[in-house]
Every structure is written in C-alpha cells, then in structure tokens.
Amino acid sequence: MVYIKDLSKHVGEEVTLKGWLYNKRSSGKIKFLILRDGTGYLQCVAFKGNLPEEKFELADTFSQETSFEVTGKVKEEKRAVGGYELDVTDLDLISAAENYPITPKEHGVEFLIDHRHLWIRSQRQVAILKIRHRIVKAIRDFFDDRGFTLFDPPILTPNACEGTSTLFETEYFDLGKAYLTQSGQLYAEAGAMALGKVYTFGPTFRAEKSKTRRHLTEFWMVEPEAAFFDLNDDMDLAEEFLEYIVQTVLKDNQEDLKILERDTSTLEKVKRPFPRISYDEAVAILKENGVDFEWGNDFGGGDETIISSKFDRPVMVHRYPSEIKAFYMKRDPDNPKVALAVDVLAPEGYGEIIGGSQREDNLDLLLQRIKEHELPQEFFEWYLDLRRYGSVPHAGFGLGLERTVSWICGLEHLREAIPFPRMIYRNTP
RNA sequence: UCCGCGAUAGCUCAAUGGUAGAGCAUGCGGCUGUUAACCGCAGGGCUGUAGGUUCGAGUCCUACUCGCGGAGCCA
C-alpha cells in the first residue's frame, strides 16, 4: 500500500491505495473517482474494459466518503488534481457511506460546526490542521534549539492565576474548589528559577462569556519564561520566535496555503526587526485617526486593527498603564505609571497574538501589588518564595496558538484553527 | 451581562398579505477526459415554538427557544 503524497516515486508502477471517495464524476464508459487518503487527492480513472466489468459497475455504487481500495498504474497527468492519475485495474469496497451530510456545495457555519467530526475531512480543514501541526512543531523546535526546557504546569489549580478572568470551577475531593488553569505562567516562573529557560505548552481555559470570532473557552498557549531576561530581551525573543514560525510555514506548507488561498505576500514581510512602539505612541496613532481614546484604557479590537494597519509586519506595543495590567508585571523604574509589558499585534486585523512582560522580582513590591489587587496572599506564598530565595530579573510571554494559526492561515474565525472548538454555547461534538 | 441580526426541503437560499419554489444532495436514465462535470425524469415541507391581527400569515405584531455577529474581557 502506498500513500498519495509518495506517488512521484511510483510513476509507471502498479500500486494499491486505500482511502475515501472525495468526489465522483462519470461519463458513460469512463468514471473519475477522486480518492483522498489524508496525504492528498488522486484522480482514479476507470475506463470500461481496463478492469473487470463487475468492478467497473461497482464504482457506481460508491457514494461520497465510501472507503475503498484501488489498484492501478500511476502516471503523470497535468489535467488531474495533484498532477498524477491512476489507471484503475481493480477496485474493492471497504465500507459504504450513505447520505454523507457534507455535500460539495456551500454550507452554513452552524451546520458545519455541528458536523465538525466530518468537516475536518474536507480539503480546507485538512490544510489548516496540517499548518497547525507545523506551527506546533516549529514552536517546539524553536525553544528546544535555544536551550529552553519544556516545563508542564498543572491544569487544575487552587486559585485564579491573575485574579481577573472567570474560570471553570470543579470540586476537588475534600480540598474544596479547583479551577482549570487560565495560564501556566506563574508555574513557569518557578521553572525558570530551576532550569533557567523554560516553556509551557498546553491547553488553557477561560469561562468568560466572550461571543466573538476571536475567542474560544478552551485554547492552546505556549509560554516561554527566562531568568535574567528584561523586557528588551523578551521582545527580541518574541520577534525572532514569530519570524521563525511564519518563515517555517512558508517554507514547508506552500501547498496548504494555496488550498486556503492565503495571500502570502504579507507573511513574507514577517522579518526582524518588528516595529516597537510605546503605549503612548499607540494612543497618538489612534488620536491621529480620529479615535476618541482616553489614556489609561486598554485597546479594543477596533483600536488594535487601526494600530496594526500602520505597519506591514507584527507590531510590538510596550509599556502599558500598570493599572490595566496583571499584578505580577514589573513597573518601569523610569515611569511607575506604566508596566514593562508588551503585546504583539498581528497584521491584517488579527489582533493580539502575544502578551508578555518583565515580572516583578522585588518581594515587597509584589506583596503590595497583591494587596492592591485584593488577591488572597495565602495562595501566592509559594510564588512569593521565588522572590525570597535568590530572586532575579525575569520575563516571558504567552502566544495564543489558535490566533496564530488563524492569522497565518487567514481564517475568518478561530473555530477553524482547532480540531474541536469549545465555545460559550457549544461543547459538542 | 448588554446591543444588533437571523430561523422556509437533508444542505444553501428564493417567494408584493392571496396555490411553497430553485440549485445541490438522494434515486432512475444518458454521455469515452471530467475538474463543486453536464443533460433528462422522480421523490422530498405542520415555513423554530406558542399566542395575536386579518376573509386570508412564510410574510405583520407579542413572547419564548436556539443560533450568529459585535461590545466588555482577553490569547
């Protein structure tokens, strides 16, 4: 048995393939069966007379998504999808598929998402999932090659990490409530004090009732954290990281990007250095564009689009008002009103894909922040220990995997960037 | 939580307040190079639910349910 992606090595040979029927066309004495096997698409041509009569008729009984085995000679054929074609000499049914719900015509998003378990078989979804896989591998390769150690944080946690988001709650035996993690960052900080440079990579959960195309309740996040990094080191890392991911996908997934009809010219521009602007400069941009924006507020989705539209590559916005940022972010010694935080805004309106900061490494200041945010100090004692025993400057960031996939693939909605999206009104299939 | 929009055949959508229609899918027939193939025929509907207005409601009104998008919050 061979796979469609390897057909170039078998031109002229008779081979057997297995897969599913993607589409079928017939014209009397000739039938075209489009086979898909997860690695590609292949037009199988059944000429009457080239295969036993009963096998020729068997093809008529195959409906969309029927699984079957096919044998024939491989030849190059410009007219066919993928550039190769199979002259069928034998054909066998594996299992029938009656009335497959997703037909070759248009469907609404609601119908497709109801049938997500089948929708992922379609060409477009396969391309997205392959790119997602390549991005995940690029992320791991990037950090592994730069001395970062994978460090898995717990998913069940006793408290709200940043004390702001609404979290999913569950009963944890006799210990009361536990929550699904919204970030592995605090644990990553502990890891950085042990291993120097670490990254976490796993699912995170937000119970916010967000009803937008940019939100999921369950999504994947990668969070590097490095000891002895300041904000500039953090931004250097973030831009090298994004450049690597985008250029890797451009190198390895041209076919998939073509299927998605992604305009790759904007992705090709994702090269260092990225523009770095302060929050103040970003506010000035908004005001120049007629937005009535008050210093101290956070940017909304529309604001982010305006700011990012001024640049041809991702833009890093740093030094946000500390009031709107998490308690653990270090304040700028030159201006305590702002935090040493950075958000990276993707181009083309895809918004914030990275949020990061230098962390507060001073015990007394951190204690003060916890009080100001009215957080329960007892839950943070272990975190405060990191400042009690050899505290060092450190920084890190979090990158949302689905937003990154969404941006690189040019998707309309985050729900296509993950195999089984979890949204506020949907947890099936 | 708030603000908009929507719900008609398996799917995508039409239908001035006056007999509920098309394309795709499905079934049958035709075609030796098709590219979401094409041509012909056929089956397929309690118009989201409950009320109301009207001689008459898919269409107008009210409530509800479900969904979609946006705000807030964030990756």
Side-chain angles (χ1 to χ4, degrees), chain A residues 22-34 41-50 56 60-61 63-65 77-82 85 87 97-115 118-119 122-124 161-162 164-167 181-185 201-223 238 297-304 320 324-326 343-346 350-356 397-407 412-415 417-418 423-426:
Chain A
Y22 194 68
N23 201 358
K24 178 176 73 172
R25 291 178 281 272
S26 82
S27 183
K29 306 293 190 305
I30 184 169
K31 299 185 203 301
F32 301 94
L33 305 175
I34 311 298
Y41 298 81
L42 172 67
Q43 176 157 283
C44 306
V45 184
F47 265 112
K48 195 180 172 75
N50 283 8
F56 183 73
D60 285 334
T61 68
S63 53
Q64 201 187 345
E65 288 304 312
E77 173 57 72
K78 278 182 188 155
R79 286 174 290 184
V81 214
E85 196 173 74
D87 268 330
E98 275 184 58
N99 289 319
Y100 186 70
I102 303 178
T103 63
K105 274 277 181 171
E106 268 178 63
H107 295 281
V109 171
E110 189 184 345
F111 178 81
L112 288 170
I113 206 89
D114 279 341
H115 296 84
L118 302 176
W119 186 21
S122 69
Q123 197 172 18
R124 184 183 157 79
C161 157
E162 302 176 17
T164 49
S165 278
T166 315
L167 303 189
T181 183
Q182 64 152 331
S183 164
Q185 188 215 304
F201 196 2
T204 49
F205 307 87
R206 306 276 166 92
E208 296 289 346
K209 293 196 169 182
S210 298
K211 284 193 58 157
T212 83
R213 68 179 83 184
R214 297 185 311 279
H215 291 87
L216 297 170
T217 56
E218 177 182 325
F219 64 98
W220 283 62
M221 189 154 66
V222 55
E223 295 173 283
N297 290 337
D298 207 349
F299 303 126
D303 301 328
E304 288 179 352
Y320 282 76
I324 55 169
K325 286 293 179 184
D343 282 357
V344 182
L345 308 180
Y350 282 92
E352 185 186 343
I353 52 171
I354 282 181
F397 62 80
L399 170 118
L401 178 63
E402 287 74 19
R403 283 193 181 172
T404 305
V405 172
S406 196
W407 162 49
E412 285 289 309
H413 198 300
L414 218 49
R415 78 187 115 198
I418 185 167
M423 293 169 296
I424 165 169
Y425 291 127
R426 172 180 295 278

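Throughout, protein chains are lettered first and strands after them, A, B, ... in sequence-line order, and every chain is numbered starting at 1.
Using atom P as the reference point in both B:rU54 and B:rC61, the two lie 16 Å apart (nearest Å). Nucleotides B:rG48 and B:rC5 are separated by 16 Å at their C1' atoms, to the nearest Å. Atom P of B:rU16 sits at a distance of 28 Å from the matching atom of B:rG69, rounded to the whole Å. Nucleotides B:rU53 and B:rG17, compared at atom C1', are 12 Å apart to the nearest Å. Separating the P atom of B:rC55 from that of B:rU49 is a span of 25 Å, rounded to the nearest Å. For the P atoms, the distance from B:rG45 to B:rG6 is 27 Å, rounded to whole Å. Taking the P atom of each, B:rG21 and B:rU47 are spaced 14 Å apart, rounded to whole Å. The gap from the P atom of B:rC64 to that of B:rC73 amounts to 28 Å, rounded to the nearest Å.
At whole-Å resolution of the value, CD1 in A:I30 and P in B:rG30 are 17 Å apart. In this structure, A:K29 places its NZ atom 5 Å from P of B:rU32, rounding to the nearest Å. As a whole-Å value, the separation of A:D303 CG from B:rG70 P is 15 Å. One can place NZ of A:K24 at 18 Å from P of B:rU34, the figure rounded to the nearest angstrom. Put simply, CZ on A:R426 is 11 Å from C1' on B:rC66, counting in whole angstrom units. If you measure from atom NE2 of A:H215 to atom P of B:rA75, you get 9 Å, rounded to the nearest angstrom. At whole-Å resolution of the value, CZ in A:F56 and P in B:rC31 are 11 Å apart. The separation between A:H107 atom NE2 and B:rC68 atom P is 18 Å, rounded to whole Å.
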* Working for side-chain contact (heavy atoms from CB on, under 4.5 Å), residues A:L216 and A:M423 -> CA-CA 5 Å; A:L216 297 170; A:M423 293 169 296; 3.8 Å; yes
* To do: Test side-chain contact (heavy atoms from CB on, under 4.5 Å) on A:H215 and A:R403 and set out the steps.
  => CA-CA 9 Å; A:H215 291 87; A:R403 283 193 181 172; 3.8 Å; yes
* Apply side-chain contact (heavy atoms from CB on, under 4.5 Å) to A:F219 and A:L401, showing your working. => CA-CA 7 Å; A:F219 64 98; A:L401 178 63; over 6 Å; no
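To the nearest 0.5 Å, atom CG of residue A:L167 and atom CD of residue A:Q182 are 5.0 Å apart.
Taking 4.0 angstrom as the limit, A:R213 places a side-chain polar atom (N or O) nearer than this to OP1 or OP2 of B:rG70. Remark: A:R214 is in phosphate contact with B:rA71, judged by side-chain N or O atoms under 4.0 Å from OP1 or OP2. A sub-4.0 Å separation between OP1 or OP2 of B:rG67 and a side-chain N or O of A:R415 is absent.
Residue A:S26 is in base contact, counting any heavy-atom pair closer than 4.0 Å across all strands shown. At the heavy-atom level, A:E218 lies nowhere under 4.0 Å from the strands shown. Looking at heavy-atom distances under 4.0 Å, A:L216 makes contact with a base. A:D298 comes within contact range of the sugar-phosphate backbone alone, with a heavy-atom separation under 4.0 Å but no base atom that close. Heavy atoms of A:E98 sit nowhere under 4.0 angstrom from any nucleic acid atom.
For the pair A:K48 and A:M221, nearest-nucleotide mapping onto RNA chain B gives the more 5' position to A:K48.
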* Structure fact -> Here RNA chain B, pairs taken as Watson-Crick or G-U under 3.5 Å and shown with ( ), [ ] when crossing and | when to another strand, reads (((((((..((((....[..)))).(((((.......))))).....(((((..]....))))))))))))....
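Checked against B:rU34, B:rA71, B:rA75, the side chain of A:L414 finds its nearest nucleotide in B:rA75. Listed candidates were B:rU34, B:rG67, B:rA75. Nearest to the side chain of A:F32 is B:rU34. Of the candidates B:rG33, B:rC11, B:rU34, B:rU34 carries the atom nearest the A:R25 side chain, counting heavy atoms from C-beta on. Side-chain proximity of A:F111 to B:rC11, B:rG33, B:rC73: nearest is B:rC11. Which of B:rG70, B:rG69, B:rU32 sits closest to the side chain of A:H413 comes down to B:rG69.
Under the 4.5 Å side-chain criterion, counting only non-hydrogen atoms from C-beta, A:Y41 is not in contact with A:N23. Inter-residue side-chain proximity for A:R206 and A:T217 is flagged as unmet; no heavy-atom pair is nearer than 4.5 Å. Between A:I102 and A:L112 there is a side-chain heavy-atom pair separated by less than 4.5 Å. A:L118 places a side-chain heavy atom less than 4.5 Å from the side chain of A:Y100.
Taking the charged nitrogens against the carboxylate oxygens, A:R426 and A:D114 do have a contact shorter than 4.0 Å, which makes a salt bridge.
Legend: residues meeting side chain to side chain donor-acceptor pair (under 3.5 Å) with A:E98, ordered by chain and number and at least two apart, are absent.
Checked by atom type, the side-chain pair A:E223/A:S183 shows a donor-acceptor distance below 3.5 Å.
In this model, no side-chain donor or acceptor of A:E412 finds a partner on the base of B:rG69 within 3.5 Å.
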* To do: Starting at the 5' end of nucleotides 22-28 of chain B, put B wherever the base has a protein heavy atom under 4.0 Å, S where only the sugar-phosphate does, and a dash everywhere else.
  => -SSSS--
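Taking the six-membered ring for Trp and thresholds of 30 and 60 degrees, A:F111 and A:H115 have ring planes inclined between 30 and 60 degrees apart.
An aromatic stacking contact links A:F219 with the base of B:rA75, defined here by ring centres under 5.5 Å apart and ring planes under 30° from parallel.
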